[in-house]
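All remarks here apply to the structure that follows.
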Amino acid sequence: MKFRKTAAAVASVMALSLVTGCATGGGDQMANTVYRTDRTVQRLERDLGDTVGDLNETVADLKIHIDDADRQMRTLQGMSEENQVKMDRLEQQLAQLTEVVYEEFGRLPPGQAPQWRREDDDDIRVPEEGIRIEQGNDEEPEELAPLDMPTEDETPREDPMTAFRRAQDSFREERFDEALDEFDGFLRRFPDNEHAHRAQFWKAEALFRLEDYDAAIREYERLRENHSQSHLIPHGMYNQAAAHNRLG
């Protein structure tokens, strides 16, 4: 737009010079000046058109590069989370192996308190007169109260790590609707778990993949509000900006 205004200004100046010099230069000089002015304006418009076209192509190329970088960032985030899950599994396996090794050598792992042991049979002394059995009366024995059985609401709770891994598997297999429900259920059942901030991040990611960008933006914001110390906040802010970009 600035170039077009400049071209128009040049044309105006040259036209003004034509008017002031027409009395002294004659008709032929005026015609030549008008012709040169018109050619100059046409050349400027052509050059400006080429420049605008180049700028549009540059902007389109930048958008393609930004989209590629966005996809690569999401791939890296997925790999990072998968590696974290594998590390958690290895830590659990190492802890179990440590217990087995210490138990094999009859020692307690560091930090574990000893358990009470039963006395040996040799330490149990029986009175010399033997064990006396009291004779009971003829009354019927008192009926024992039934044991309390667990109700449906008291069923054992699922292990948090198992629930988190199941949701991760659903996301990795691109079953985003199931992953969304599973991450949401994890947050409702285990809001204070150490993996709650990761579940919050991947819940927002599932919404992003489902193209529900408004909801994804809100969930990324909850990550910042409810888990201010999470290392995933920078990734969440980046993806939140990407969601705003998708909304225009």
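FYI, the numbering just counts along the sequence from 1. Source: prediction; values computed, not measured.
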(request) May I ask you to decide whether Arg165 forms a salt bridge with Asp169, counting only side-chain N to carboxylate O separations under 4.0 Å? (result) no
(message) Give me the atom names and distance for the closest heavy-atom approach of Phe186 to Pro160.
(response) CE1-O, 3.2 Å
(request) Evaluate the criterion side chain to side chain donor-acceptor pair (under 3.5 Å) for residue pair Tyr220 and Glu205; output intermediate values, then yes/no. (result) CA-CA 8 Å; Tyr220 285 128; Glu205 280 291 287; 2.2 Å; yes
(request) Consider only side-chain heavy atoms of I, L, V, M, F, W and Y, link residues closer than 4.5 Å, and tell whether Leu210 and Ile217 are in one cluster. (result) yes
(request) For residues Ala167 and Ala179, report the shortest heavy-atom separation together with the two atoms involved. (result) O-CB, 3.9 Å
(request) For residues Ala204 and Ala216, report the shortest heavy-atom separation together with the two atoms involved. (result) O-CB, 3.7 Å
(request) Inspect the contact between Asp184 and Arg188 and indicate whether a charged nitrogen and a carboxylate oxygen are less than 4.0 angstrom apart. (result) yes
(message) Please tell me whether Asp68 and Gln72 have a donor and an acceptor in their side chains that are separated by less than 3.5 angstrom.
(response) no
(message) Using the salt bridge (charged side-chain N to carboxylate O under 4.0 Å, His left out) criterion, which residues pair with Arg209? Sequence neighbours excluded.
(response) none
(request) Enter the distance from Ser230:OG to His235:NE2 here, rounded to the nearest 0.5 Å. (result) 8.5 Å
(message) Are the side chains of Leu223 and Lys203 in contact, using a 4.5 Å heavy-atom criterion?
(response) no
(request) Using a strict 4.0 Å threshold on nitrogen-to-oxygen distance, state whether Glu221 and Arg224 make a salt bridge. (result) yes
(message) Using 0.5 Å steps for rounding, measure from the CZ atom of Arg46 to the CG atom of Leu44.
(response) 9.0 Å
(message) As an exercise, state the distance from CG of Leu180 to CZ of Phe171, rounded to the nearest 0.5 Å.
(response) 10.5 Å
(request) Consider only side-chain heavy atoms of I, L, V, M, F, W and Y, link residues closer than 4.5 Å, and tell whether Met161 and Leu187 are in one cluster. (result) no
(request) Kindly give the heavy-atom pair with the smallest separation between Ala163 and Phe190, and that separation in Å. (result) CB-CE1, 4.3 Å
(message) Could you report the tightest heavy-atom contact between Glu81 and Gln168, atom names first, then the distance?
(response) CB-NE2, 3.7 Å
(request) Using atom types as modelled and distance alone, determine if a side-chain donor or acceptor of Asn245 lies under 3.5 Å from a backbone N or O of Ala241. (result) no
(message) Could you measure the distance from the CZ atom of Phe183 to the CD atom of Glu219? Nearest 0.5 Å is fine.
(response) 12.5 Å
(message) Would you compute the distance between atom CG of Leu232 and atom OH of Tyr238 and round it to the nearest 0.5 angstrom?
(response) 15.5 Å
(request) Taking the side chain as every heavy atom from C-beta outward, state whether Thr33 and Arg36 have any atom pair closer than 4.5 Å. (result) yes
(message) Please tell me whether Met87 and Leu76 are part of a single hydrophobic cluster in this structure, the criterion being side-chain heavy atoms less than 4.5 Å apart.
(response) no
(message) To the nearest 0.5 Å, what is the distance between CG on Leu207 and CH2 on Trp202?
(response) 13.0 Å
(message) Run the side chain to side chain contact (heavy atoms under 4.5 Å, CB included) test against Arg246 and tell me which residues pass, sequence neighbours left out.
(response) Asp70, Phe208, Tyr213
(message) So that I can tick it off, tell me whether Glu225 and Arg222 are bridged by a salt bridge, with the cut-off set at under 4.0 angstrom between side-chain N and carboxylate O.
(response) no
(message) Show the nearest heavy-atom pair for residues Ile233 and Gln229, with the distance to one decimal.
(response) CD1-N, 4.5 Å
(request) Over 60° means perpendicular and under 30° means parallel, so classify the ring planes of Phe164 and His195, tilted if in between. (result) parallel
